[in-house]
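For reference, the structure is listed below as structure tokens.
Computed over heavy atoms, backbone and side chain alike; hydrogens, waters and symmetry mates excluded. Lettering follows sequence order; numbering is per chain, from 1.
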Amino acid sequence: MVNVQASQNFRVTLEPGQSPCLLGSRCRECSTVVFPKMPVCPACRRNGTMEEAEIGRTGKLYSHVIAHVAPQGFAAPLFQVFVELPEGPRVFALVGSECPVGPGVLEDGMAMRLVIEPVSTARPDTLAYKYVPLDQSERNS
Amino acid sequence: MRDVAIIGVGAHPSGRFLEKPLKALAHPAIWDALTDAGVKPTDLQVAYVGNSLGGLLTGQEGVRGQVVLQHSGITGIPIINVENACASAATALRGAWLEVASGVADVALAVGVEKMNVGDSARTIAALAADSELDLAEMGLSFTTSYAIHPKINLKARMKEYGWTARDLAKPAVKNSQNGSLNPLAQHRRPLSIEEIVQSRIIVDPLTLLMCSSISDGAAAAVVCSLDQAARFTSKAPVRIASCVLRSGEYRLPDDRRPDSATAAAFTAYEQAGIGPEDLDAVELHDAMAPAELMLYERLGLCAAGEGPKLIDDKITTLGGRLPVNPSGGLCSRGHPVGATGLLQICELVWQMRGEAGPRQIEPVPKTAMAQNQGGLLLGQDSAAYAATILMR
């Protein structure tokens with residue numbers, strides 16, 4: 001079963017050359033960008049000025065941690081991170097499965113790239129947005 | 001607005017009480033508060049019941065307050081169910097305070113109750129995670145991870161910025177475990193050493209097991225009354241609610257320069273009470289993870305940025321210090337039955353301010369004290385609810 005709530009937060013683009021993105025909102029009055037989508041701008045508090053924005057194709061690792069106790073539906077150890085998007089928001093995210101979990105693998109400030117994949121092996125039908133180091137994904141492709 | 005006093009408090013011990021449903025946990029807390037206040041169930045004109053996880057964990061939806069209070073003989077009055085994550089009990093107190101301050105009621109009851117031990121800790125942890133906005137919870141963001149790396153607290157970054165060590169992060173837990181060892185209602189009563197805290201199992205770096213509050217059942221209650229009518233019920237000195245502040249988190253972007261929301265709540269509370277942080281004699285604060293206490297020191301205006309560990313090193317916030325913090329043992333030692341915590345803090349401060357705290361009594365007896373309680377997590381990078389309550393005698 002696809003998780004409808006979560007999948008509204010990103011777009012998997014299947015056209016060649018296109019990469020997936022997160023879906024946020026941009027205020028056409030004050031240019032504030034938020035994630036996820038909102039109908040009211042939290043900065044200028046106007047209603048009806050928010051337009052869908054494709055964001056977060058890349059980002060910068062803001063902070064990261066290895067969780068040694070897994071939340072329900074996940075396997076430990078796993079990376080949990082915040083990524084700062086060039087458009088503004090900082091988002092909580094998981095790290096793509098192509099990236100091995102261990103100390104020294106991630107470094108705050110490093111460039112990251114968005115990937116869409118199952119949220120965990122226990123929930124193969126639920127897609128989630130994750131980030132991987134930009135260099136590594138380029139090496140692997 | 002009328003002056004409002006707390007005239008009675010009561011608490012159930014915090015810990016593991018697998019066999020007790022919510023109403024059995026709440027009953028002794030409620031009746032201890034009523035007895036303490038000299039108030040009969042029929043004197044109560046309104047009641048607020050805080051609870052956070054009962055819907056998910058017990059399956060009882062919608063009417064938990066009425067179920068809990070009917071079991072304790074309280075019926076036929078407005079009963080308001082309050083759900084506000086880990087700040088549910090502070091929110092319940094605010095409701096009761098507002099009823100009396102506004103003149104709608106003369107006597108009101110606030111209850112906080114939580115049952116977290118249901119024989120399946122994975123289910124409990126998942127229910128707790130659901131106090132975060134669902135998009136976050138479904139990606140497995142736990143409160144431990146949140147304290148470690150969330151932009152609003154980011155202990156890993158604070159360690160770099162301030163030069164805090166793992167031993168610094170453990171200091172609040174050492175102090176609070178000493179306090180908790182003197183509290184018969186505390187969940188964990190063994191004093192901990194800095195070494196065993198630092199060396200306990202890593203949950204989420206840099207948080208170790210003994211820096212984290214644990215799964216807990218418990219309950220607390222307070223009877224509030226208009227100050228001018230307190231003497232009708234009790235000869236004990238009333239403890240006045242000087243301010244009772246609640247606010248929601250803000251949607252914050254990285255360049256947000258507004259004050260932290262815990263700071264905003266506390267300073268509004270100081271202003272409404274006509275005091276400053278330097279006037280406090282005791283504080284109970286929301287150390288869901290022990291190192292959060294270090295951050296809250298600065299956010300509540302108790303020290304400059306980065307100086308949290310020094311308040312403990314210099315014995316300022318220990319029981320014998322100038323400003324004891326978490327004399328009850330705090331969330332990590334006394335316990336954190338989440339929907340009861342805000343009122344467990346109030347119970348402790350009232351006992352301290354009446355000189356009834358036994359071996360952990362603060363001397364001289366505090367005249368002014370603050371309870372700080374917060375809960376939940378939003379996608380907008382703030383907690384969901386922030387409460388600050390100032391008591392004076």
(request) Go through the atoms of A/Val81 and report whether side chain, backbone, both or neither lie under 4.5 Å from a heavy atom of chain B. (result) backbone
(request) Counting only heavy atoms closer than 4.5 Å, note whether B/Ile202 contacts chain A via side chain, backbone, both or neither. (result) both
(message) Both conditions, 6.0 Å and 45 degrees, for the charged tip of A/Arg90 above the ring of A/Tyr62: are they met here?
(response) yes
(message) Treating B/Ser200 as the side-chain partner and B/Ile197 as the backbone partner, does any N or O pair qualify as donor plus acceptor under 3.5 Å?
(response) yes
(request) Go through the atoms of A/Val69 and report whether side chain, backbone, both or neither lie under 4.5 Å from a heavy atom of chain B. (result) both
(message) Using a 4.5 angstrom heavy-atom cutoff, name the option from B/Arg201, B/Glu250, B/Lys156 with the most pairs to chain A.
(response) B/Lys156
(request) Check each atom of B/Ala122 against the heavy atoms of chain A and say whether the ones under 4.5 Å are side chain, backbone, both or neither. (result) both
(request) Look at A/Val33, A/Thr32, A/Leu94, A/Val34 and state which one has the largest set of heavy-atom pairs under 4.5 Å with chain B. (result) A/Val34
(message) With chain B as the partner, which of A/Ser120, A/Pro77, A/Pro42 has the greatest number of non-hydrogen pairs under 4.5 Å?
(response) A/Pro42
(request) Kindly indicate whether the side chain of B/Arg158, heavy atoms from C-beta on, has any atom under 4.5 Å from the side chain of B/Glu298. (result) no
(message) Taking side chain as everything from C-beta outward and backbone as N, CA, C, O, which of these in A/Glu84 sits under 4.5 Å from a heavy atom of chain B? Side chain, backbone, both or neither.
(response) side chain
(message) Given heavy-atom pairs under 4.5 angstrom as the criterion, report whether the side chain, backbone, both or neither of A/Phe92 touches chain B.
(response) both
(message) With a 4.5 angstrom heavy-atom cut-off, is it the side chain or the backbone of A/Ala93 that approaches chain B, or both, or neither?
(response) backbone
(message) I need the B/Arg299 CZ to B/Lys152 NZ distance, nearest 0.5 Å.
(response) 7.0 Å
(message) Please classify the contact of B/Asp205 with chain A as side chain, backbone, both or neither, using a heavy-atom distance under 4.5 Å.
(response) both
(message) Tell me whether the NZ or CZ atom of A/Lys60 lies within the 45° cone about the ring axis of A/Tyr131 and under 6.0 Å from its centre.
(response) no
(message) Contact between A/Pro133 and A/Met112 at the side-chain level, heavy atoms closer than 4.5 Å - yes or no?
(response) yes
(request) Without swapping roles, check the side chain of A/Ser63 against the backbone of B/Ile149 for a donor-acceptor pair under 3.5 Å. (result) yes
(message) Please check this pair: side chain of B/Asp131 against backbone of B/Ala85, looking for a donor-acceptor N/O pair closer than 3.5 Å.
(response) no
(message) If I measure from the heavy atoms of chain A, does B/Arg252 come under 4.5 Å with its side chain, its backbone, both, or neither?
(response) neither
